Asker: 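Could you have a look at this structure, given as structure tokens, before my questions?
Computed from a predicted structure; not experimentally measured.
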Amino acid sequence: MKIMAIDYGDARTGIAFCDVMEMLASSYCVIEETYAPKLADKIMNIVNTEKPERIVIGLPRNMDGSYGFRADKCRELGDILSEKTDIDIDYEDERLTTVIAHDILSSNNVRGKKRKGIVDAVSAVVILQDYIDKRKK
């Protein structure tokens, strides 16, 4: 099944997809939009083009497992998308995904402005890969 992942950030939102065999998650793009309804419209343009069968939104949790204000914003984005599509929307714990994304980029010597522009897409890849790995178990 083709799955789309969203790493919703304050300034940038990363998008990733996996192949239909759910083997490998790959970055797709970063959307620079801060207003949730406009962001949802841009995401829907991608949904209409790429035709995913499921959407996974990274859900930030505190290290103790509790949910904070940012998780509410992610759920709000999910609610907006749910109104625009009948595609199932799931949420995946995204604790430490940005740290992992920075580590991946560091190990590949990606620094500075280039890193800032793609870290959210790499975070979306980490979220999606975690999600598809859990589905296999």
Side-chain angles (χ1 to χ4, degrees):
M1 159 183 329
K2 188 172 186 180
I3 304 171
M4 174 184 187
I6 301 170
D7 179 36
Y8 179 30
D10 288 327
R12 286 173 298 284
T13 297
I15 306 292
F17 282 92
C18 72
D19 60 296
V20 294
M21 299 296 292
E22 298 181 29
M23 299 295 288
L24 183 65
S26 302
S27 65
Y28 183 79
C29 71
V30 173
I31 302 169
E32 294 193 24
E33 179 59 63
T34 58
Y35 184 56
K38 283 186 181 180
L39 174 61
D41 289 340
K42 290 179 180 184
I43 291 170
M44 286 307 302
N45 287 337
I46 296 169
V47 166
N48 293 331
T49 301
E50 296 298 325
K51 311 253 187 275
E53 298 170 72
R54 177 163 291 159
I55 297 172
V56 177
I57 299 174
L59 191 62
R61 297 178 84 170
N62 299 320
M63 291 310 289
D64 66 1
S66 63
Y67 296 100
F69 135 81
R70 191 74 205 149
D72 293 337
K73 291 190 67 104
C74 291
R75 285 192 184 104
E76 288 171 12
L77 177 63
D79 292 344
I80 294 169
L81 292 173
S82 289
E83 292 173 7
K84 296 177 177 284
T85 184
D86 60 353
I87 297 171
D88 288 335
I89 297 177
D90 286 336
Y91 297 90
E92 177 68 22
D93 184 357
E94 69 165 38
R95 277 180 283 188
L96 300 176
T97 57
T98 302
V99 172
I100 294 166
H102 279 288
D103 286 347
I104 291 167
L105 293 171
S106 289
S107 67
N108 287 290
N109 206 27
V110 178
R111 308 230 185 273
K113 288 183 181 180
K114 186 171 183 176
R115 175 185 287 202
K116 186 176 181 180
I118 63 171
V119 70
D120 299 290
V122 175
S123 292
V125 169
V126 173
I127 291 165
L128 183 52
Q129 194 65 54
D130 286 348
Y131 181 82
I132 61 179
D133 288 346
K134 286 178 185 172
R135 282 175 54 91
K136 290 177 189 174
K137 292 180 181 176

Asker: Ile46, Ile6: one ILVMFWY side-chain cluster at the under-4.5 Å cut-off?
Answerer: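 Yes, because Ile46 and Ile6 connect within a single hydrophobic cluster, where side-chain heavy atoms sit under 4.5 Å apart.
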Asker: Does the structure place the NZ or CZ of Arg75 under 6.0 Å from the centre of the six-membered ring of Tyr67, at an angle of no more than 45° from the ring's axis?
Answerer: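 Positive - Arg75 is close enough to the ring of Tyr67 and near enough to its axis.
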Asker: Search all heavy atoms of Ile132 against all heavy atoms of Glu22 and return the closest pair with its distance.
Answerer: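 Looks like CD1-O, 3.6 Å.
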Asker: Just how far is it from atom OH of Tyr35 to atom NZ of Lys42, taken to the nearest 0.5 Å?
Answerer: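 NZ of Lys42 is found 13.0 Å from OH of Tyr35.
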Asker: Write down the atom of Ala36, the atom of Tyr8, and the distance for their closest heavy-atom approach.
Answerer: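 Taking every non-hydrogen atom into account, CB-OH, 3.7 Å.
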Asker: Establish whether Met1 and Val56 are linked, either directly or via other cluster members, by ILVMFWY side-chain heavy-atom contacts under 4.5 Å.
Answerer: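 Shared cluster, yes.
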Asker: Nearest 0.5 Å, what's the CG-CG distance between Asp72 and Asp79?
Answerer: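 It is 10.5 Å, given to the nearest 0.5 Å.
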Asker: Find out if a path of hydrophobic residues (ILVMFWY) with successive side-chain heavy-atom gaps under 4.5 Å connects Met44 to Tyr28.
Answerer: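 Yes; Tyr28 is reachable from Met44 via cluster members.
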Asker: Measuring from atom CD1 of Ile31 to atom CG of Asn45, what distance do you get when rounded to the nearest 0.5 angstrom?
Answerer: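 Rounded to the nearest 0.5 Å, the CD1-CG separation comes to 8.5 Å.
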Asker: Starting at CG of Asp41, measure out to NZ of Lys84 and round the result to the nearest 0.5 Å.
Answerer: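 The CG atom of Asp41 sits 4.0 Å away from the NZ atom of Lys84.
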Asker: Any carboxylate oxygen within less than 4.0 angstrom of a Lys/Arg side-chain nitrogen, looking at Lys38 and Glu33?
Answerer: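 No salt bridge links Lys38 with Glu33.
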Asker: Got a salt bridge between Asp10 and Arg70, using NZ or NE/NH1/NH2 to carboxylate O under 4.0 Å?
Answerer: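 Salt bridge flag = yes for Arg70 with Asp10.
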Asker: Heavy atoms only: give me the nearest Ser27-Val125 pair and the separation to one decimal.
Answerer: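 For Ser27 and Val125, the tightest heavy-atom pair comes out as N-CG2, 3.2 Å.
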Asker: Is any side-chain heavy atom of Ile80 closer than 4.5 Å to one of Ile43?
Answerer: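 No - every pair of side-chain heavy atoms lies 4.5 Å or more apart.
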Asker: Answer yes if Leu39 and Ile89 sit in the same cluster of Ile, Leu, Val, Met, Phe, Trp and Tyr residues linked by side chain heavy atoms under 4.5 Å apart, and no otherwise.
Answerer: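 Same cluster: Leu39 reaches Ile89 through Ile, Leu, Val, Met, Phe, Trp or Tyr contacts under 4.5 Å.
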Asker: Would you confirm whether Asp88, through its side chain, and Arg54, through its main-chain N or O, come within 3.5 Å as a donor-acceptor pair?
Answerer: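 Judged by distance alone, no pair lies under 3.5 Å.
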Asker: Run the side-chain contact (heavy atoms from CB on, under 4.5 Å) check on Glu92 and Leu128 step by step: do they pass?
Answerer: CA-CA 8 Å; Glu92 177 68 22; Leu128 183 52; over 6 Å; no
Asker: Rounded to the nearest 0.5 Å, what separates atom SG in Cys18 from atom CG in Asp133?
Answerer: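 With rounding to 0.5 Å, SG (Cys18) is 10.5 Å from CG (Asp133).
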Asker: State, with a plain yes or no, whether a side-chain heavy atom of Ile57 is found less than 4.5 Å away from one of Glu94.
Answerer: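 No; the side chains remain at least 4.5 Å from each other.
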Asker: Which heavy-atom pair separates Ala11 from Thr34 by the least distance, and what is that distance?
Answerer: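 Closest approach of Ala11 to Thr34, heavy atoms only: CA-CG2, 4.1 Å.
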Asker: Measure the CD1-OH distance between Ile55 and Tyr91 for me, rounded to the nearest 0.5 Å.
Answerer: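 Reported to 0.5 Å precision, the distance equals 10.0 Å.
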Asker: Are Lys136 and Met23 close enough that some pair of their side-chain heavy atoms sits under 4.5 Å apart?
Answerer: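 Yes - at least one pair of side-chain heavy atoms lies under 4.5 Å apart.
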Asker: Measure across Ile15 and Met4 and return the closest heavy-atom pair with its distance rounded to 0.1 Å.
Answerer: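 Shortest heavy-atom separation between Ile15 and Met4 comes out as CG2-CE, 3.6 Å.
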Asker: Are Gln129 and Leu24 close enough that some pair of their side-chain heavy atoms sits under 4.5 Å apart?
Answerer: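 Yes, their side chains come closer than 4.5 Å.
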Asker: Quick one, Ile3 and Arg135 - any side-chain contact, counting heavy atoms below 4.5 Å?
Answerer: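 When only atoms from C-beta onward are counted, Arg135 and Ile3 do touch, with a gap below 4.5 Å.
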Asker: Any Lys/Arg nitrogen of Lys2 or Glu50 sitting under 4.0 Å from an Asp/Glu carboxylate oxygen of the other?
Answerer: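 Glu50 and Lys2: salt-bridged.
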Asker: Going only through I, L, V, M, F, W and Y residues with side-chain contacts under 4.5 Å, is there a path from Val126 to Val119?
Answerer: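 Both belong to a single hydrophobic cluster.
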Asker: Which atom pair, heavy atoms only, marks the closest approach of Leu77 to Ala40?
Answerer: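 Heavy-atom minimum between the residues: CD1-CB, 4.2 Å.
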